[in-house]
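None of the values given here were measured: they were computed from a predicted structure. Position 1 is the first residue of the sequence; numbering continues from there.
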Amino acid sequence: MTIRSLRKKFLEGTYTPLHAYEEMRSVIDTRDGDIHAFLHVYDDAREAAIEATRRYTEEGDRAPMLLGIPTAVKNNILIKGKNATAGSKILENYVAPYDATVIARMKSEGLVFMGDTNLDEFAMGSSTENSAFGVTKNPIDLTRVPGGSSGGSGAAVAMGASVIALGTDTGGSVRLPASFCGIVGYKPTYGAVSRSGLIAMGSSLDQAGIFANTVDDAEIVFNVISGKDPLDATTIGPETYGTIPLKETYRIGVPRDFLRKGMDNDVLAVFEDTIKKLAEEGHEVVDVSLPLMERGLAAYYIVMPAEVSSNLARYDGVRFGLKAEGDNLLQDYRKTRAAGFGAEVKRRIILGTYVLSAGYYDAFYGKAEETRHMMRAELAEVYKTVDLIMTPTAPTPAYKIGEKADPLSMYLGDIFTVPINLTGVPAMSLPSGVVLREGISLPVGVQYIAPLGGDARLFDFGKKFHDD
Ligand code: GLN
């Protein structure tokens, strides 16, 4: 099911938004007890589907492109009147007082919101095991993780409970679950999509991202949610980066020095196979050198916790959510935060506070920011010679639930995705092959990266290479 194929049926009236809703709702009712992609399933979706069905008969092809399309939303994106938990106990009872800009734009299209989805607490994680509300399972193999932190959204699209889904991507949280669940995951240029109404993790890294079955679907959604927003001063329009031309075929760089030994051999084989297919389709694949990229992980795990420690200071038991009473204000803070945050969130707040402390600011935070600027310059230099860059999305396929108990081993899985957020460039993960584990075929993604503002180029390439 794609947006265009559904819309065609909706216009013909052979299959209505109400049919689509009922079909997807029954998937949720039969499968989500095991998978747990959703935190809340919305009963008012039925009314929205009925309304969309009515509008198609009335408006015909004047109806908005996304009218009646079933969607799922990561539960750290505010939908007015709905419980927005960010996967945390501290926001267990928090009800969103307004719509995120991305949601407002989707509502004006008449999308049908099936429900909201599970995530690692405050989007911190790569497996959706860090949620305060239970683990989400990979629909392809229930003993494995769906990836994270937007694992619920990835699983929702992969299991057929929604046509598209929104996630957030601070260091790979849309691309990684897309890779593990076998779907398309898109992370826009930083600033292309408003962050207003996204529960903040790392503000200089966060972007809303899109899960879809095709690149065309991702582009349609991107065109709806992107653009300048007076509520987010970092938003930019497509004109900011000048024209980044589309081409018949593309010249794609592979940073060989960056494909580390930590990768599973068969995942690397899928990547090499993809290079062959690209060449067969007339694209030119060349080696490039990006020696700074491997510093990305180290820089990210300084910049991100620093921003996390600042962003999460607002959960103090006074302004939002949970309140645990102590004998005085300081004790209120301590008790609330001790009871409300999980282990991973606490780890990052402590780390972030440390790297920002007066004695260490220059040694850690300053250096990490400098690295980030150098990485950006290095990328810009390489884009003088290639149109796109490709890497694996992750070094492994979906791993077993509980397999990566040590946080550092999980952080290593972000090696290919975090440099993208540090530099702000757009990237997408495309399902590119499978590897066998215990007799089950698990999907593997390949990541494509465009220059800043090159979203249209990524979509153009992806439609030709993946959709056609
Ligand atoms: N896995 C990364 C982390 O744990 C990225 C998370 C994200 O993109 N939200 O920080």
Side-chain angles (χ1 to χ4, degrees), residues 169 172 175 179 184-190 192 207 215 218-219 222 238 240-260 263 267-268 270-297 299 371-395 415-433 444-468:
D169 191 314
R175 288 159 286 154
S179 178
V184 173
Y186 192 79
K187 181 258 170 213
T189 296
Y190 181 80
Q207 270 292 280
V215 177
E219 182 179 30
F222 175 82
T240 303
Y241 297 105
T243 43
I244 295 170
L246 309 186
K247 299 184 177 169
E248 230 13 80
T249 56
Y250 290 98
R251 192 173 152 88
I252 305 172
V254 177
R256 284 273 159 210
D257 42 353
F258 187 43
L259 305 180
R260 312 234 85 223
M263 280 191 70
V267 173
L268 192 57
V270 168
F271 182 74
E272 298 293 352
D273 241 34
T274 307
I275 293 179
K276 285 196 198 106
K277 286 184 200 149
L278 285 162
E280 280 162 24
E281 298 204 4
H283 301 289
E284 187 188 354
V285 183
V286 297
D287 287 357
V288 293
S289 173
L290 287 166
L292 284 175
M293 284 296 139
E294 65 180 301
R295 308 284 170 92
L297 210 50
T371 305
R372 192 176 181 182
H373 287 290
M374 287 165 65
M375 286 170 71
R376 210 171 279 160
E378 181 183 84
L379 259 187
E381 205 44 46
V382 165
Y383 279 123
K384 289 182 183 159
T385 61
V386 296
D387 305 314
L388 298 168
I389 292 167
M390 67 188 282
T391 71
T393 305
I415 179 136
F416 298 119
T417 51
V418 299
I420 308 312
N421 303 71
L422 284 171
T423 53
V425 293
M428 72 182 163
S429 177
L430 298 182
S432 303
V444 166
V446 168
Q447 171 174 255
Y448 299 89
I449 310 158
L452 281 170
D455 299 82
R457 178 182 286 177
L458 264 187
F459 291 129
D460 179 64
F461 162 77
K463 285 190 288 188
K464 286 176 187 150
F465 186 62
H466 174 268
D467 295 359
D468 290 349

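Put simply, NE2 on H283 and OH on Y250 are 8.5 Å apart, with the number rounded to the nearest 0.5 Å. Distance check: F459 CZ to D467 CG gives 11.0 Å after rounding to the nearest 0.5 Å. A distance of 11.0 Å separates CD in E294 from CG in L259, rounded to the nearest 0.5 Å. Of the inter-residue distances, the one linking T274 atom OG1 with I252 atom CD1 reads 10.5 Å to the nearest 0.5 angstrom. Rounding to the nearest 0.5 Å places CZ of F222 at 12.0 Å from CE of M428. Annotation: the span from T391 atom OG1 to F271 atom CZ amounts to 6.5 Å, rounded to 0.5 Å.
In this structure, the side chains of D273 and K276 come closer than 4.5 Å at one or more pairs of heavy atoms.
The number of heavy-atom neighbours closer than 6.0 Å to CD of E272, taken from other residues, nucleotides and ligands shown, is above 12. Residue-environment remark: CZ (R376) exceeds the threshold of 12 foreign heavy atoms within 6.0 Å.
Residue I449 comes nearest to A427 through the heavy atom pair CG1-CB, 4.1 Å, listed as atom of the first residue, atom of the second, then distance. What you find for G445 and S429 is that their closest heavy atoms are CA-OG, 3.8 Å. The two residues P426 and G453 have their closest heavy-atom pair at CD-N, 4.3 Å. Smallest separation of non-hydrogen atoms from P255 and L290: CB-CD1, 3.9 Å. Nearest heavy atoms, H466 versus P431: NE2-CG, 3.7 Å. Across all non-hydrogen atoms, the minimal contact from L422 to A299 is CD1-CB, 4.0 Å.
A donor-acceptor pair is defined here as one N or O able to donate and one able to accept, closer than 3.5 Å; such a pair exists between the side chain of T393 and the backbone of Q447. Between the side chain of D169 and the main chain of Y186, no donor-acceptor pair closer than 3.5 Å is present. One N or O on the side chain of D455 and one on the backbone of T189 form a donor-acceptor pair closer than 3.5 Å. Between the side chain of E378 and the backbone N or O of L292, at least one donor-acceptor pair lies under 3.5 Å. In terms of modelled atom types and a separation under 3.5 Å, the side chain of R457 and the main chain of P245 share a donor-acceptor contact. Distance alone, capped at 3.5 Å, is enough to place a donor-acceptor pair between the K464 side chain and the E248 backbone. Listed for the K187 side chain is a donor-acceptor partner under 3.5 Å among the backbone atoms of V425. A distance-only check finds no donor-acceptor pair linking the side chain of D287 to the backbone of R256 [under 3.5 Å].
Of the options V267, I415, L268, a side chain to side chain contact (heavy atoms under 4.5 Å, CB included) to P395 is made by I415 and by none of the others. Partner of F416 under the side chain to side chain contact (heavy atoms under 4.5 Å, CB included) criterion, chosen from R175, M293, M263: M263.
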Would F465 and V446 satisfy side chain to side chain contact (heavy atoms under 4.5 Å, CB included), going step by step from the backbone distance to the final call? CA-CA 12 Å; F465 186 62; V446 168; over 6 Å; no

